[in-house]
Amino acid sequence: MTADATGQAEKRSEQRLERVEDTAAQAWRDATRSAAERVEDLVGRMTLDEKLSQLVGLWVGADASGGGVAPHQSEMTADGLGWTEVIAGGLGQLTRPFGTAPVDPVVGARSLALSQAQIVAANRFGIPALVHEECLAGFAAWKATAYPVPLSWGATFDPALVEQMSAAIGASMRAAGVHQGLAPVLDVTRDYRWGRTEETIGEDPYLVGTVGAAYVRGLEGAGVVATLKHFAGYSASRAGRNLAPVSVGPRERADVLLPPFEMAVREGGARSVMHSYSDVDGVPSAADVELLTTLLRDTWGFDGTLVADYFGIRFLHTLHGVAADEQHAAALALSAGVDVELPSVHCYGNPLRRALAAGDVDEALVDRALRRVLTQKLELGLLDADWQPLPGDVDDLTLDDAHGRDLALRLAREAVVLLTNPGGALPIAPGRRVAVVGPLADDPMAMLGCYSFPAHVGVRHPDHERGIAIPTVLEALREQHAGDVRHARGCDVTDDDRSGFDAAVAAAQDADVCVVAVGDRAGLFGRGTSGEGCDANDLNLPGVQADLVRAVLATGTPVVLVLLTGRPYALGDLADGAAAVVQTFFPGQLGGQAIAEVLTGAVSPSGRLPVSVPADPSGQPGTYLTAKLGTLSSVSSVDPTAAFPFGHGLSYTTFEWDVPPVEPTWAVDGEAVVEVVVRNTGAVPGADVVQLYLHDPVAQVTRPVVRLVGYARVTLEPGEQARVTFTVPADVTAFTGLRGDRVVEPGDVELRVSRSSADTHTALPLRLVGTERVVDHTRRLTTTVGVTAAVPTDEPTDEPTATDVPEVMSA
């Protein structure tokens, strides 16, 4: 920050303090009053223009020189208004000051503080803007830790670790002056061809909801507002195309798409929701009163802010065709319940003013949104008289520290899924000659999803360093493996050039084992093979990568196939011919190290698939969550059975389970208790994931064959054992019945203790007894899981002990 800029900021700060003294008697400044009283007083003092200013964002990039907002910000508004004009009456939000261009974190924080000082000085109440950033795979800022993407979170089946990660992300954001994070994505994967599959946690609503709620708790616990997206139905678009219409019925929406959002609101404590771009059965989410107000607020009791997905309000006019112009679009969105327009001023500026003047919108709706915005600013301390633009001493601000890297590595390790290892090719023994081939073998960007800063923003600034160290699979293997490691690229991810095949084949022929790293390159809107706007026609590996794998397989050298992808791909003969297959989903900046540790046996793999791996690339991209007629049957010639099912994953150790019988009678308003004793019977430490599924053979509407209702991740040393106790409320059996109510229906069911959705260890028959119960949003959403260290069977007692409890993550 220049001396002149510093002086101006100090002068504005002094002016603001004078203004504070002048208004000290005003109720909205009185910290002893309730939030509602303070907000109501402030709303009553504002002009219409001041009110509208609080309902919009402005997309600003921090100036790399530290001089406030970056140049040309007038290009970000519909009317071409400059910075001074936009902030004259205040400003609701600042959009992505760190996530627009590479800016040194310290300089960015000081630049943001100067912008905030200008906003405070410009409006007569001295209210700063709320600052938001992307944080799906870490704080989207230059030099910030790049964590694994959400599909990897799902693969860990470890909500507690995800919560630790999001707490670290939130702490770094708050230290930089950011108040709101646009994450997590709670869309349930329905079609793997969708480019944003990498942003989802998985294909099961229970897994998505429990892991997503944990992310929310971590971010909110750090003082950053978590924003749930995309509400709701975005991932169920026709043919997996981005922004395509959604044709789901009300039952699928209620039972599959909405539960993760409900969990994150009720059990996560999320304070913000972002509407979806999609239309469901012809109604765009941004204009859906029933969804955004009746359900979200009136039924679920959500009292936070509802923000627009970027340009989503304009899209009511330009893409959906339900609004005649931007004025009409503003009226529809505000009436539906959208409080804040992002990323910049378009519909909620002059178009909304015209709608109000014409009587198309009641100013009471403006006040409704304004109360929510001001309440959130009050909660964040932005209305406090002693608020300061700089959040603290930013001179030591570091966004990629040892703690963050440790969390990123732990997550990446737990997310590695071993799909096959029939010949015991893994782990690779010391001294073995290893060839590492494939387009992603020595590519740092292979570790990152499309919302990681280097992939999302950095690729547009090739003159800047990447900002963080990202070891590749090749580099990490050379570090981890005691033996010769050679490399040949073979081909690119996308083009048809086979000129590198010969070198790859030669490297494989001269090796004891060949690691082939293939998969995706993340990007945006067609600039990658995975990511927003990068949808797929089918589920074949992109480019000629499959042919490269076949060429290497033909050498006869044992092949370890390593997949670094944003979606599951059909592997077919590639998996059949490989000595081992390892699946990862954009595992973050330390993913290369995690993969190398698994390949060499330093870490035993423990990830489980959050999505099924299909057997056929051309069709039926569906999920395990299907009714009986969605499975293999005699009435269709197509077999949709997955090659590797949801929940599948292998280990280098072995586990044995004991499952005692359960009480067979289960009251429709009661609980069922399932116990599982897990023993590590192998020679190395490892983690097992006990999965509990519900099977409902007869119901008033068709039901999924099985669906996840509980899980526990247990880490055990060799010879160690633990007892997992699932306490399952009958509420989790509820589904949307014939009348449209959610019901717990009496009758026969099974709880299946399983290793995957297709691998049942023990089926426990139960009978739900009583009369049909209608349940609502107050029902219990999750199974309670407890883990205790279990006394070995050769001990004289069968009672568990609370000492030496193994590491566990459950939901």
Side-chain angles (χ1 to χ4, degrees), residues 57-62 76 93-103 105 108 112 129-151 153 165-166 168-187 195-196 198-201 212 215-216 218-220 222 224-231 234 270 272-277 305 307-312 340 342-344 399-400 404 408 448-461 467-468 522-525 528 530-533 566 586 588-589:
L58 182 63
W59 197 331
V60 299
M76 296 294 188
Q93 295 205 13
L94 282 169
T95 296
R96 302 189 64 183
F98 290 90
T100 301
V103 177
L112 173 59
L130 185 151
V131 182
H132 78 257
E133 276 291 356
E134 299 285 358
C135 59
L136 189 67
F139 182 9
W142 193 44
K143 297 185 176 181
T145 303
Y147 293 91
V149 300
L151 265 188
W153 312 349
M165 174 196 70
S166 62
I169 294 170
S172 65
M173 295 172 74
R174 198 64 199 254
V178 178
H179 311 104
Q180 180 176 5
L182 303 187
V185 169
L186 297 182
D187 298 299
R196 302 190 79 166
E198 66 172 66
E199 298 179 46
T200 72
I201 295 169
Y215 181 98
V216 169
L219 204 66
E220 291 280 0
V224 173
V225 174
T227 303
L228 312 181
K229 57 185 193 179
H230 308 86
F231 193 64
Y234 191 22
S272 182
V273 171
M274 175 181 282
H275 75 71
S276 166
Y277 285 134
T305 58
V307 302
D309 203 344
Y310 285 11
F311 310 106
V340 181
L342 298 179
S344 285
L399 304 181
D400 181 34
L448 307 180
C450 78
Y451 268 80
S452 298
F453 184 88
H456 198 77
V457 178
V459 291
R460 300 198 305 272
H461 300 271
I468 52 176
L524 290 167
F525 302 109
S530 174
E532 186 172 359
F586 294 137
Q589 71 185 67

Restricting to non-hydrogen atoms, name the atom on Ala455 and the atom on Gly449 that form the minimum distance, rounded to 0.1 Å. CB-O, 3.3 Å
In residues 132-140, what donor-acceptor pairs under 3.5 Å come from side-chain atoms, sequence neighbours left out?
unit_1: His132; atom_1: ND1; unit_2: Gln93; atom_2: OE1; d: 2.7
unit_1: His132; atom_1: NE2; unit_2: Tyr310; atom_2: OH; d: 2.8
unit_1: Glu133; atom_1: OE1; unit_2: Gly99; atom_2: N; d: 3.4
unit_1: Glu133; atom_1: OE2; unit_2: Phe98; atom_2: N; d: 2.5
unit_1: Glu133; atom_1: OE2; unit_2: Gly99; atom_2: N; d: 2.9
unit_1: Glu134; atom_1: OE1; unit_2: Lys229; atom_2: NZ; d: 3.0

Shortest non-hydrogen contact from Val131 to Pro97? CG1-CG, 3.6 Å
Side chains of Val307 and Ser272: closer than 4.5 Å at any heavy-atom pair? yes
State, yes or no, whether a side-chain contact exists between Val149 and Glu199 at a heavy-atom distance under 4.5 Å. no
Using the rule given for side-chain contact (heavy atoms from CB on, under 4.5 Å), can you reason through Arg96 versus Val457, listing the C-alpha separation, both sets of side-chain angles and the distance that settles it, and then say yes or no? CA-CA 11 Å; Arg96 302 189 64 183; Val457 178; 4.1 Å; yes
Which pairs count as salt bridge (charged side-chain N to carboxylate O under 4.0 Å, His left out) when at least one residue sits in residues 168-186, sequence neighbours excluded? none
Only counting residues at least two apart or in another chain, list the ones meeting side-chain hydrogen bond (donor to acceptor under 3.5 Å, both in side chains) with Ser452. none
Measure the shortest side-chain to side-chain distance between Pro454 and Gln589 over non-hydrogen atoms and say whether it is less than 4.5 angstrom. no
Exam field: side chain Glu220 to backbone Ala226, donor-acceptor pair closer than 3.5 Å: yes
Quick one: does any side-chain atom of Thr227 pair with a main-chain N or O of Val273 as donor and acceptor, under 3.5 Å? no
Contact summary for Asp400 and Ala144, nearest pair of heavy atoms: CB-C, 4.1 Å
Minimum-distance pair of heavy atoms, taken over all atoms of Ile468 and Ala146: CD1-CB, 3.7 Å
Between Tyr277 and Tyr234, how do the two ring planes meet: parallel, tilted or perpendicular, split at 30° and 60°? perpendicular
Tightest non-hydrogen contact, residues Thr145 and Ala408, listed as CG2-CB, 4.1 Å
Quick check: do Pro150 and Thr200 have side-chain heavy atoms less than 4.5 Å from each other? no
In chain order, what residues pass the ring-ring contact (aromatic ring centres under 6.0 Å, His included) check against His275, with sequence neighbours excluded? none
Tyr451 meets the side-chain hydrogen bond (donor to acceptor under 3.5 Å, both in side chains) criterion, sequence neighbours left out, with Arg196, Glu532
Rounded to the nearest 0.5 Å, what's the gap from CG on Leu342 to CG on Asp309? Could you check? 8.5 Å
CG (Asp187) and CZ (Phe231) are apart, to the nearest 0.5 Å, by 11.0 Å
With sequence neighbours left out, what residues match Ser172 under side-chain hydrogen bond (donor to acceptor under 3.5 Å, both in side chains)? none
Atom pair CG (Leu524) and SG (Cys450), whose distance is rounded to the nearest 0.5 Å: 5.0 Å
Restricting to non-hydrogen atoms, name the atom on Ala141 and the atom on Leu399 that form the minimum distance, rounded to 0.1 Å. CB-CD1, 3.9 Å
Just to verify, what does Ala129 make a side-chain contact (heavy atoms from CB on, under 4.5 Å) with, not counting sequence neighbours? Leu91, Leu94, Gln116, Ile119
Considering residues at least two apart in sequence or located in another chain, which fulfil the side-chain contact (heavy atoms from CB on, under 4.5 Å) criterion with Pro184? Trp153, Leu186, Tyr215, Val216, Leu228
Tell me, please, which residues at least two apart from His179 pass side-chain hydrogen bond (donor to acceptor under 3.5 Å, both in side chains). none
